[in-house]
Amino acid sequence: MSVVENLNAIKNTLPLHVCLVAVSKTQTKEKIIEAYRAGQKIFGENYVQELCDKVKELPNDIEWHFIGHLQSNKVKYIVPFVSLIHGVDSFKLLKEINKQSFKNNKISKCLLQIHIASEETKFGLDETELMQLLNSSELSELKNIELCGLMGMASNTSNTEQVKKEFSNLNFLFEKIKSEYKIPNLNFETLSMGMSGDYKLAIEHGSNMVRIGSIIFGARN
Ligand SMILES: *Cc1c(COP(=O)(O)O)cnc(C)c1O
């Protein structure tokens, strides 16, 4: 199957309220263009250098999402053009994004990454750290940040009960913050969860943004 066939097959199964981020890390510009010509405008990348290289050579109406682990010292390279940063996992990072966004005269949309998987290796805030961040009096001073929701990655396991539990925990947190927290720069509308292997389960548990790579573009090298 071609990129376009894969993309259309997935799109046909997505409910209308679910946004598809085509994860193009390590994929060639040619493959990205194929998806773009078929109507896909949102792409997700994990590596700063790779993203900066691709941006220069690809159409400028692509909406780039940064979905990887972001280091504070690299924020300045991507803030000028990214439309959503999925992996914010510390106050320090948020402050740096705010600073660079101010310099660029923009408000950066961000998602807070929550650690929901049982694996220790995955990044993200735990619930206590999340609450500390949201309760911090400094948060409303970050005027160049818009917190748009949460992002999480479930455990890489065939145990679907486990994955369901992780997604529904994240959904619960999302809904709770959305209804209980009234902070000026908080505008919770996006719950980013679900990848190639688990996006259907994620949608069943409240996801409205899925990040899908390998079943569109093929396996990565
Ligand atoms: C690579 C990646 C994806 C896409 O993974 P696939 O299994 O190829 O769909 C989604 N989210 C994040 C954060 C990733 O790093």
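Counting begins at 1 with the first residue of the sequence. Worth saying up front: this structure is predicted, and the values here are computed from it rather than measured. Read the numbers this way: they start at 1 and go in the same order the structure lists the ligands and their atoms.
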Which atoms of ligand 1 have any heavy atom of Ile212 under 4.0 Å away? 9 (O)
Would a single hydrophobic cluster contain both Leu20 and Val4, if residues Ile, Leu, Val, Met, Phe, Trp and Tyr are joined by side-chain heavy-atom contacts under 4.5 Å? no
Please determine, by modelled atom types, if Asp89 and Gln113 share a side-chain donor-acceptor pair under 3.5 angstrom. no
When only distance counts, is Gly213 in polar contact with ligand 1, meaning an N/O pair under 3.5 Å? yes
Mind checking whether Asn46 contacts ligand 1 via backbone (N, CA, C, O), side chain (CB onward), both or neither, at a 4.0 Å heavy-atom cut-off? side chain
min-distance protein heavy atom vs atom 11 (N) of ligand 1 -> Arg211 NE, 2.9 Å
For atom 10 (C) of ligand 1, which of Met195, His86, His65, Gln27 has the closest heavy atom? Met195
Heavy atom of the protein closest to atom 13 (C) of ligand 1 (residue, atom name, distance): Ile67 O, 3.5 Å
Verify the neighbour count for atom CZ of Phe81: are there more than 12 heavy atoms of other residues, nucleotides or ligands below 6.0 Å? yes
Over 60° means perpendicular and under 30° means parallel, so tell me whether His86 and His65 are parallel, tilted or perpendicular. tilted
Looking only at protein heavy atoms, what sits closest to atom 9 (O) of ligand 1 is Ser196 OG, 2.5 Å
Would Ile10 end up clustered with Tyr36 when hydrophobic side chains under 4.5 Å apart are linked, directly or stepwise? yes
Atom 1 (C) of ligand 1: closest protein heavy atom, distance to 0.1 Å, is Lys25 NZ, 1.4 Å
For the residue pair Trp64 and Phe43, categorise the inter-ring angle as parallel (less than 30°), tilted (30 to 60°) or perpendicular (more than 60°). tilted
Salt-bridged, Lys164 to Glu161, with N to O below 4.0 Å? yes
Met153 neighbourhood, listing ligand 1 atoms whose heavy-atom distance to it stays under 4.0 Å: 13 (C)
